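The following block contains the structure, expressed as structure tokens.
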Amino acid sequence: MNRKPTFYVAQLIVVIAITSVFSIEHLYLTGNNELYYTASQKDDSFNRYFEEWASISLLYKKIGIDLRYEAHIPPSPGNYNTETRHGISLRTLSFQSKMITIKAGHFYTILGRGLTLRTFEKRELGWDTKIDGLLFKYVNEKIDLTLLGGIPYSANGLKYDPLEAGEISFMPHDFLQLGATMVLTNRPLHNSYWESLYLSLNLPFGSIYTEYASQTLSELFKPDTTKALYITTTLFIKDFSLLAEYKYYMDFNLDQGMVYNNPPPVTKEHFFALLNRHQLLSNADDELGFLFEATYPVIEDNLLTVSYGYSTNKNRTAKYHDFYTQLGFQLPQTFDWILATGFQKENWNRHITMIFNPTWNINNRYSLKLEFQHQHTAVKDFENYIKIPKFYTQYYSVSLGIYPNISISIFIETTTDKYAQSDFKITKNRIWIGGELGLTILESHNLTFFAGTRRGGKNCTTGICKNEPALKGVELKITSTF
């Protein structure tokens, strides 16, 4: 008998509710559920999307069991996995003691800083890579050892040939760590063996981490081999802090149809909408660059942040600049202010953004937050032989917070870009207006309801991007913890 996905979700919730009633010594049961529903009009059609993640975790002494049910009927547009599906997507049996961790089933992991292997989940981007296999980890004061093997899943849900991997690190002193990683992917038609060496220093005034990866250790210093170098350092001088990062990635996008690694993107990650829309999309096959970020409290109760990042390729034909300043301060004590500017340049495309973001903490219960972003853009598209005139985009939002249960927001975006929906088709609608209601129920359930229109665009994090579709309709998000 065919049952709807909601039947299995209901079963899972009932199990969580019943078992949580009982208190058994050393037995801990937790669970969470995320539900997304979107109904949006596009042209003459009305599209509906439903997605849900229901998870439970059972811990008895040192033994743990994790299960997750997923439904994507169908998945949101723009997700990496476009298959309509439902069922158990994660099952893990684990053992954990003071020094030993063992996992059997699905797991996520990172070796070093992700130059050779990183599997992870980003639900907001529709990204989920994991391994179905066995992981062993041993940790003591001097040595960390990780060994793993299994079948990797790509972001689009496909299974690939088994891999084996490992990492070992040694701490001869409290401030010094030396380590190495190795990945063997068992791909018969590819060179599928990668290694890395890393060093980490932690001192009272700062730290430094550097990792060098290549196909084989014997080729580490040959100029034309596949390789990657990542360096990050921090410096602290009283209240002043400085972050510096450097990357050199050459032919090191280890995909083979399945993305195995995710090197640090070495770029400023922006959370304001108009800046995030022009984030750098990382390319570990041919990319080098750097990032500097300094913070300093110029006066009491404030913090000034200044950052500059630059990325290019080996032939210097693709260039990306990102200069950002932000000042956060209180004046008077009931007002929190953020003033920011951003300059982003992608080859011939240039974006200048001004941000004004005050929050008025009216009393212990009420707060009012305003956000204004103004972005001026100059674009040339030589590929399509089109010179697009300069235009500006403005983003407004007003949010009323009623502690601890209610938030009410209004969002407005306008643009003078006649190609606002890309594809070089003139766009008639250049204003988007939406409202959002947020509710917290019994401290464990959060509901967000959006209605109206919302502009589509690029959404990025950790160097991975998703093209969010435009919305004309409603969106419901419900998250619950048990």
Side-chain angles (χ1 to χ4, degrees), residues 244-247 249 265-283 286-294 304-327 338-357 371-397 412-427 429-432 454-468 470:
E245 290 185 294
Y246 173 79
K247 63 182 173 183
Y249 305 145
V266 188
T267 186
K268 176 71 176 177
E269 190 160 334
H270 294 291
F271 300 99
F272 289 104
L274 298 188
L275 290 171
N276 183 272
R277 204 169 285 165
H278 304 290
Q279 287 267 178
L280 174 69
L281 175 61
S282 291
N283 176 22
D286 185 5
E287 193 168 81
L288 58 147
F290 59 83
L291 170 69
F292 292 101
E293 181 172 289
L304 174 65
T305 301
V306 179
S307 72
Y308 175 69
Y310 173 76
S311 293
T312 186
N313 58 5
K314 183 171 61 175
N315 297 324
R316 303 298 196 274
T317 55
K319 298 180 181 180
Y320 178 82
H321 301 262
D322 189 328
F323 178 71
Y324 178 76
T325 62
Q326 176 179 301
L327 179 63
I338 293 178
L339 306 178
T341 61
F343 175 89
Q344 296 166 299
K345 188 175 181 182
E346 313 162 273
N347 296 328
W348 301 281
N349 306 340
R350 187 264 298 147
H351 315 277
I352 299 175
T353 309
M354 307 290 291
I355 297 169
F356 175 69
N357 183 207
E371 186 176 318
F372 171 68
Q373 303 176 43
H374 175 90
Q375 186 173 83
H376 186 271
T377 300
V379 176
K380 291 182 180 179
D381 189 329
F382 292 101
E383 181 180 352
N384 294 279
Y385 304 102
I386 294 177
K387 181 177 180 181
I388 303 175
K390 298 177 181 179
F391 61 88
Y392 68 83
T393 302
Q394 292 184 333
Y395 180 91
Y396 314 82
S397 73
I412 302 174
E413 183 173 348
T414 64
T415 184
T416 59
D417 178 15
K418 62 180 180 180
Y419 302 106
Q421 297 297 349
S422 72
D423 299 327
F424 300 101
K425 296 178 182 179
I426 295 179
T427 303
N429 176 43
R430 301 179 203 167
I431 182 169
W432 299 263
R454 186 172 61 209
R455 186 180 183 181
K458 191 168 68 172
N459 178 19
C460 299
T461 181
T462 64
I464 296 173
C465 298
K466 170 186 176 181
N467 287 318
E468 297 279 3

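This is a predicted model, so every value here is computed, not measured.
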(request) Say whether, by atom type as modelled, one donor and one acceptor occur between the side chain of Thr312 and the main chain of Ala318 under 3.5 angstrom. (result)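 Flag set: sc Thr312 to bb Ala318 pair under 3.5 Å.
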(message) To the nearest 0.5 Å, what is the distance between CD on Glu245 and CZ on Phe292?
(response)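 CZ of Phe292 is found 10.5 Å from CD of Glu245.
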(request) Take Tyr320 and Asp322 through the side chain to side chain donor-acceptor pair (under 3.5 Å) test and state the conclusion after the steps. (result) CA-CA 7 Å; Tyr320 178 82; Asp322 189 328; 3.3 Å; yes
(request) Without swapping roles, check the side chain of Asn313 against the backbone of Thr317 for a donor-acceptor pair under 3.5 Å. (result) yes
(message) Centre-to-centre under 6.0 Å for Tyr308 and Tyr310, is that the case here?
(response) no
(message) Please give me the minimum heavy-atom distance between Val266 and Ser311, naming the atom from each residue.
(response) O-OG, 4.3 Å
(request) Would you please test Thr353 and Phe272 for side-chain contact (heavy atoms from CB on, under 4.5 Å) and show each step? (result) CA-CA 10 Å; Thr353 309; Phe272 289 104; over 6 Å; no
(message) Show the nearest heavy-atom pair for residues Lys247 and Pro265, with the distance to one decimal.
(response)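 So the two residues come closest at NZ-O, 2.7 Å.
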(request) State whether a side-chain donor-acceptor pair under 3.5 Å links Glu269 with Thr461. (result)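 Checked: Glu269/Thr461 side chains pair up, N/O donor to acceptor below 3.5 Å.
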(request) Please check if the distance between the ring centroids of His374 and Tyr392 is under 6.0 Å. (result)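 Close enough - the centres of the two rings lie under 6.0 Å apart.
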(request) Locate the shortest heavy-atom distance separating Leu274 from His278; write the atom from each residue and the value. (result) O-CD2, 3.3 Å
(request) May I have the step-by-step check of side-chain contact (heavy atoms from CB on, under 4.5 Å) for Gln394 and Thr415, ending in yes or no? (result) CA-CA 6 Å; Gln394 292 184 333; Thr415 184; over 6 Å; no
(request) First locate atom CG of Asp286, then atom OH of Tyr249, and finally report the distance between them rounded to the nearest 0.5 Å. (result) 13.0 Å
(message) Looking only at the aromatic ring of each residue, does the gap between the centers of Phe372 and Tyr396 stay below 6.0 angstrom?
(response)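 Under 6.0 Å, so yes.
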(message) Using 0.5 Å steps for rounding, measure from the CD atom of Gln344 to the CG atom of Leu275.
(response)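 Answer for the CD-CG pair, Gln344 versus Leu275, is 5.0 Å.
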(message) On a heavy-atom basis, which atom in Ala378 and which in Lys390 lie closest, and how many Å separate them?
(response) CB-CG, 3.9 Å
(request) Could you tell me whether a side-chain N or O of Glu293 sits under 3.5 Å from a main-chain N or O of Thr305, the two making a donor and an acceptor? (result)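 No: the side chain of Glu293 does not pair with the backbone of Thr305.
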(message) Once rounded to the nearest 0.5 Å, what's the spacing between atom CG of Leu291 and atom CG of Leu280?
(response) 11.0 Å
(request) Compare every heavy atom of Gln279 with every heavy atom of Cys460, then report the nearest pair and how far apart it is. (result) CB-CB, 3.6 Å
(message) Closer than 4.0 angstrom, basic N to acidic O: yes or no for Arg277 and Glu346?
(response)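 No, this pair does not count.
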(request) Compute whether any side-chain donor of one residue and acceptor of the other, for Gln375 and Gln373, lie under 3.5 angstrom apart. (result)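 Side chains of Gln375 and Gln373: no pair found under 3.5 Å.
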(message) So Thr393 and Glu413, do their side chains get closer than 4.5 Å, heavy atoms only?
(response)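 Counting from C-beta outward, Glu413 and Thr393 do come under 4.5 Å.
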(request) Using the side-chain contact (heavy atoms from CB on, under 4.5 Å) rule, take Thr341 and Ile355 through it: C-alpha gap first, then chi angles, then the decisive distance, then the call. (result) CA-CA 6 Å; Thr341 61; Ile355 297 169; over 6 Å; no
(request) Can you see which heavy atom on Lys319 is nearest to which on Arg316, and at what distance? (result)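 Looking at all heavy atoms of both residues, the shortest contact is CE-O, 3.3 Å.
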(request) Give the intermediate values and the outcome of side-chain contact (heavy atoms from CB on, under 4.5 Å) for residues Asp417 and Thr377. (result) CA-CA 9 Å; Asp417 178 15; Thr377 300; over 6 Å; no
(request) Given side chain to side chain donor-acceptor pair (under 3.5 Å), test Arg350 with His376 step by step and report yes or no. (result) CA-CA 8 Å; Arg350 187 264 298 147; His376 186 271; 3.1 Å; yes
(message) Using ring centroids (six-membered ring only for Trp), state whether His351 and Phe343 fall under 6.0 Å.
(response) no
(message) Could you check whether Glu468 pairs with Lys458 (Lys NZ or Arg NE/NH1/NH2 to Asp/Glu carboxylate O, under 4.0 Å)?
(response) no
(request) Please confirm whether the backbone N or O of Phe271 pairs with a side-chain atom of Asn276, one donor and one acceptor, at under 3.5 Å? (result)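 Judged by distance alone, no pair lies under 3.5 Å.
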(message) Can you tell me how far apart CD1 (Ile412) and CZ (Arg455) are? Round to the nearest 0.5 Å.
(response) 15.0 Å
